[in-house]
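Below is one structure, written out as structure tokens; the observations come after it.
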Amino acid sequence: MTPTHTDCLFCKIIAGEVPGTIVFQDESIVAFRDVSPQAPLHVLIVPRKHIPSLNDLVPDDDGLVGSMVRLAASLAKEHGYHERGYRTVFNTNGEAGQTVFHIHLHLLAGRRLIWPPG
Ligand code: AMP
């Protein structure tokens with residue numbers, strides 16, 4: 001079983017200690033709805049392994065991150081946004097606005113997303 005970091009919100013959601021609207025889970029990844037959605041579809045794709053930020057990735061995580069990205073594409077397709085378009089984002093540290101220090105891939109879709117982002 002993946003160790004739960006007691007002070008980590010996403011570890012608690014993964015462990016079922018904090019409620020979340022889960023849309024997908026397997027042995028290595030859990031995906032749930034963002035509590036403050038910024039688009040009609042806003043899902044967070046989260047590894048069960050506690051990794052604080054992209055700065056902490058190791059080569060052994062390459063397959064995991066690849067699976068997260070492929071899951072984003074699969075969920076976008078499942079919700080009918082794969083042709084219209086969607087955005088995938090990892091925020092890292094302060095200036096990028098990372099607020100939860102357990103890596104998560106944002107999947108946003110369902111409205112026109114501006115570029116560059118704010
Ligand atoms: P970031 O700012 O990239 O670290 O993203 C953290 C995301 O987690 C934000 O979009 C929050 O809205 C979201 N969030 C915070 N608390 C919860 C929660 N309890 N359940 C689901 N999403 C959450």
Side-chain angles (χ1 to χ4, degrees):
M1 201 174 141
T2 310
T4 300
H5 287 241
T6 48
D7 56 349
C8 172
L9 172 63
F10 287 176
C11 283
K12 288 179 181 165
I13 292 174
I14 289 164
E17 295 165 14
V18 167
T21 305
I22 291 172
V23 299
F24 173 91
Q25 56 183 319
D26 68 9
E27 66 285 355
S28 56
I29 297 172
V30 178
F32 48 86
R33 297 263 180 184
D34 196 296
V35 77
S36 176
Q38 301 302 309
L41 179 67
H42 188 173
V43 168
L44 303 174
I45 296 167
V46 185
R48 290 185 186 273
K49 179 183 176 187
H50 180 85
I51 303 168
S53 84
L54 293 196
N55 292 335
D56 302 296
L57 288 172
V58 295
D60 265 1
D61 297 323
D62 289 0
L64 177 61
V65 174
S67 296
M68 292 168 68
V69 174
R70 286 202 316 105
L71 177 60
S74 163
L75 290 172
K77 185 168 189 179
E78 181 183 318
H79 288 84
Y81 294 118
H82 61 303
E83 288 181 340
R84 282 174 60 181
Y86 56 92
R87 184 164 294 165
T88 44
V89 178
F90 285 103
N91 293 320
T92 301
N93 281 344
E95 287 197 359
Q98 185 178 5
T99 58
V100 179
F101 288 83
H102 179 140
I103 64 166
H104 47 281
L105 179 58
H106 293 259
L107 167 63
L108 298 136
R111 67 170 173 84
R112 180 160 289 280
L113 298 159
I114 58 164
W115 191 264

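Indexing begins at 1, ligand by ligand and atom by atom, following the structure's order. What's counted below: heavy atoms across the whole structure, side chains too, no hydrogens, waters or symmetry copies. We number each residue from 1, following the sequence as shown.
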Scan the side chains in residues 70-80 for donor-acceptor partners under 3.5 Å anywhere in the protein, sequence neighbours excluded, and list what turns up.
unit_1	atom_1	unit_2	atom_2	d
His79	ND1	Leu75	O	2.9

Below 3.5 Å, can you tabulate the donor-acceptor pairs from side chains in residues 86-96 to any protein atom, sequence neighbours excluded?
unit_1	atom_1	unit_2	atom_2	d
Arg87	NH1	Ile114	O	2.8
Arg87	NH2	Leu113	O	3.3
Arg87	NH2	Ile114	O	3.2

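Not counting sequence neighbours, the partners of His42 by the ring pair (Phe, Tyr, Trp, His ring centres under 6.0 Å) test are His106.
Side-chain atoms of Gln98 come within 3.5 Å of backbone atoms of Val100 as a donor-acceptor pair (strictly under, hydrogens ignored). Using a distance-only test at 3.5 Å, with no hydrogens or angles considered, no donor-acceptor pair links the side chain of Glu17 to the main chain of Thr6.
Sorted by chain and number, the residues within 4.0 Å of ligand 1 by heavy atom are Leu9, Phe10, Ile13, Phe32, Arg33, Asp34, Val35, Ser36, Leu44, Asn91, Gly97, Gln98, Thr99, Val100, His104, His106.
Across all non-hydrogen atoms, the minimal contact from His102 to Cys8 is ND1-SG, 3.4 Å.
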